[in-house]
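Report on the structure given below.
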Amino acid sequence: MEFVHKSVLFDEAVKALDLNENKIIVDGTAGGGGHSKEIAKAAKRLIAVDRDPDAVKVLKSRLGQFDNVTVVHDNFSNIKAILSSLNIDKIDGLLLDLGVSSFQLDNGDRGFSYHQNAPLDMRMSKSGLSAADVVNTYSQNELADIIYRYSEEKYSRSIAANIVKARQDKPIETTFELVDIIKASMPQKAMRDSHPARRTFQAIRIEVNAELDALKSALDDAFDCLNPGGRIAVITFHSLEDRIVKEKFAHWCKGCTCPKEFPVCVCGNKPKGKAYKSVSPSAAELEENPRARSSRLRIFEKY
């Protein structure tokens, strides 16, 4: 299957990096190379990173024409180690296009989609803890907690209880087996607005890939590696990701932290940069790519 991914907010994300021929940029979620190819045309150097081995093979092929591109098979959360291995001290930009790619969703074998029957996998790296491991080994309380924490699914406890009940007869091995359990755990009225498994699949995928922890550490490390004037651009697809990015940017932009009653500042804290107004997809993009509906681009520039 060809690695195809429709890059959301494509023009806006590339523009956000304020590219020129002197800049070193990291695309931490290079995927099919859509953003990377455009960045490579304008930047001094591009480090294209992806944790998915299928994506890495495609990147090496699609970006092979560029002498200024280095493709790295790793998790963007390891940005400091990646840059150190390449003898790079500072960068001028980081792009993160978060979530699951169109290729991963549409490739039934990967187990990300609740629309296709496949082995329960969901591993972006194709290694380590799988969705089947989570579903079949986590306790009922652990399952309920991650389903609620990572998706705010109101029926998380019922879903967790039915998962544990079902696996007593046999391991839960496929996406459709899990979908059927989720459907049986919810009232009919809860299934009208969207697919009943959407939230639970999101939560399990986040747990399997440790997505939120990776994001938090990557943002802090990227800030340390960023040159003055450098930018971080992040495309998020759900409120949990967006909240992390928004709060991190706000923290960096905050100046004095003294209590309001202090007549003068004694903490000495100054803003470390500025955040730009967030960007959402246009109506035209939403019509062309419905998967873009929940996306948001946030941009931070370091002082």
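Side chains included, hydrogens not; waters and symmetry mates left out as well; all remaining heavy atoms used.
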What pairs of residues pass the side chain to side chain donor-acceptor pair (under 3.5 Å) test when at least one of them lies in residues 118-133, not counting sequence neighbours?
->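 Only Asp54-Lys126, Asp121-Arg123, Ser125-Ser127, Ser130-Asp133 qualify under side chain to side chain donor-acceptor pair (under 3.5 Å).
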Using atom types as modelled and distance alone, determine if a side-chain donor or acceptor of [X] lies under 3.5 Å from a backbone N or O of [Y].
{"X": "Lys246", "Y": "Arg298", "answer": "no"}
{"X": "Asp50", "Y": "Ala55", "answer": "no"}
{"X": "Asn209", "Y": "Arg205", "answer": "yes"}
{"X": "Arg199", "Y": "Ser151", "answer": "yes"}
{"X": "Arg231", "Y": "Ala16", "answer": "yes"}
{"X": "Thr200", "Y": "Ala197", "answer": "no"}
{"X": "Asp221", "Y": "Lys80", "answer": "no"}
{"X": "Ser295", "Y": "Ala292", "answer": "yes"}
{"X": "Arg167", "Y": "Val135", "answer": "yes"}
{"X": "Thr29", "Y": "Leu98", "answer": "no"}

With side chains defined as the heavy atoms from C-beta onward, is the minimum distance between [X] and [Y] less than 4.5 Å?
{"X": "Ile88", "Y": "Val26", "answer": "no"}
{"X": "Asn141", "Y": "Arg157", "answer": "yes"}
{"X": "Leu215", "Y": "Thr236", "answer": "no"}
{"X": "Lys37", "Y": "Gln65", "answer": "yes"}
{"X": "Phe103", "Y": "Val58", "answer": "no"}
{"X": "Trp252", "Y": "Asp220", "answer": "yes"}
{"X": "Leu178", "Y": "Ile204", "answer": "yes"}

Classify the angle between the aromatic ring planes of Phe249 and Phe300 as parallel (below 30°), tilted (30 to 60°) or perpendicular (above 60°).
->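 Tilted, since the angle between the ring planes falls between 30° and 60°.
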Are there over 12 heavy-atom neighbours, none belonging to [X], within less than 6.0 Å of that residue's [atom1]?
{"X": "Lys23", "atom1": "NZ", "answer": "yes"}
{"X": "Asp193", "atom1": "CG", "answer": "no"}
{"X": "His251", "atom1": "NE2", "answer": "no"}
{"X": "Lys254", "atom1": "NZ", "answer": "no"}
{"X": "Asp67", "atom1": "CG", "answer": "no"}
{"X": "Glu21", "atom1": "CD", "answer": "no"}
{"X": "Lys277", "atom1": "NZ", "answer": "no"}

Between Lys41 and Glu38, does at least one N-O distance fall below 4.0 Å, as a salt bridge requires?
-> yes
For side chain to side chain contact (heavy atoms under 4.5 Å, CB included), just list the numbers for Ile244 and Leu240, CA-CA rounded to whole Å, side-chain angles, deciding distance to a tenth of an Å, and then say yes or no.
-> CA-CA 6 Å; Ile244 290 171; Leu240 297 175; 5.7 Å; no
[X]-[Y] co-clustered via ILVMFWY side chain contacts under 4.5 Å:
{"X": "Val179", "Y": "Tyr155", "answer": "yes"}
{"X": "Met191", "Y": "Ile163", "answer": "yes"}
{"X": "Leu9", "Y": "Leu286", "answer": "no"}
{"X": "Ile91", "Y": "Tyr303", "answer": "no"}

Residue pair Leu96, Val245: steps toward the side chain to side chain contact (heavy atoms under 4.5 Å, CB included) verdict = CA-CA 11 Å; Leu96 296 177; Val245 177; over 6 Å; no
Looking at every heavy atom in both [X] and [Y], which two are closest together, and how far apart are they?
{"X": "Glu211", "Y": "Gly99", "result": "OE1-CA, 4.4 Å"}
{"X": "Met122", "Y": "Phe112", "result": "O-CE2, 3.1 Å"}
{"X": "Ser278", "Y": "Arg296", "result": "OG-NH1, 2.9 Å"}
{"X": "Leu94", "Y": "Ala222", "result": "CD2-CB, 3.5 Å"}
{"X": "Cys267", "Y": "Thr257", "result": "SG-N, 3.3 Å"}
{"X": "Phe76", "Y": "Ala214", "result": "CE1-O, 3.8 Å"}

Once rounded to the nearest 0.5 Å, what's the spacing between atom [atom1] of [X] and atom [atom2] of [Y]?
{"X": "Asp11", "Y": "Leu297", "atom1": "CG", "atom2": "CG", "answer": "11.5 Å"}
{"X": "Lys154", "Y": "Tyr148", "atom1": "NZ", "atom2": "OH", "answer": "9.5 Å"}
{"X": "Phe201", "Y": "His115", "atom1": "CZ", "atom2": "NE2", "answer": "10.0 Å"}
{"X": "Glu207", "Y": "Arg149", "atom1": "CD", "atom2": "CZ", "answer": "7.5 Å"}
{"X": "His238", "Y": "Leu212", "atom1": "NE2", "atom2": "CG", "answer": "6.0 Å"}
{"X": "Ser85", "Y": "Asn78", "atom1": "OG", "atom2": "CG", "answer": "10.0 Å"}

Please report the C-alpha distance between Ile147 and Tyr138 in whole Å, then the side-chain angles of each, then the deciding distance to 0.1 Å, and finally whether the side chain to side chain contact (heavy atoms under 4.5 Å, CB included) criterion is met.
-> CA-CA 12 Å; Ile147 292 170; Tyr138 278 32; over 6 Å; no
For Ser77 and Asn75, test the side chains for any donor-to-acceptor distance below 3.5 angstrom and give the result as yes or no.
-> yes
Partner of Arg45 by side chain to side chain donor-acceptor pair (under 3.5 Å), out of Thr70, Asn22, Asp92 =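 When Thr70, Asn22, Asp92 are each tested with Arg45, the side chain to side chain donor-acceptor pair (under 3.5 Å) holds only for Thr70.
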Given the rule in the side chain to side chain contact (heavy atoms under 4.5 Å, CB included) test, do Val14 and His35 qualify, once you have shown the distances and angles that lead to the verdict?
-> CA-CA 7 Å; Val14 172; His35 288 121; 4.1 Å; yes
Kindly confirm or rule out a cation-pi arrangement of Lys302 over Phe223, judged by NZ or CZ under 6.0 Å from the six-membered ring centre and within 45° of its axis?
->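 Flagged: Lys302 positioned over aromatic ring of Phe223.
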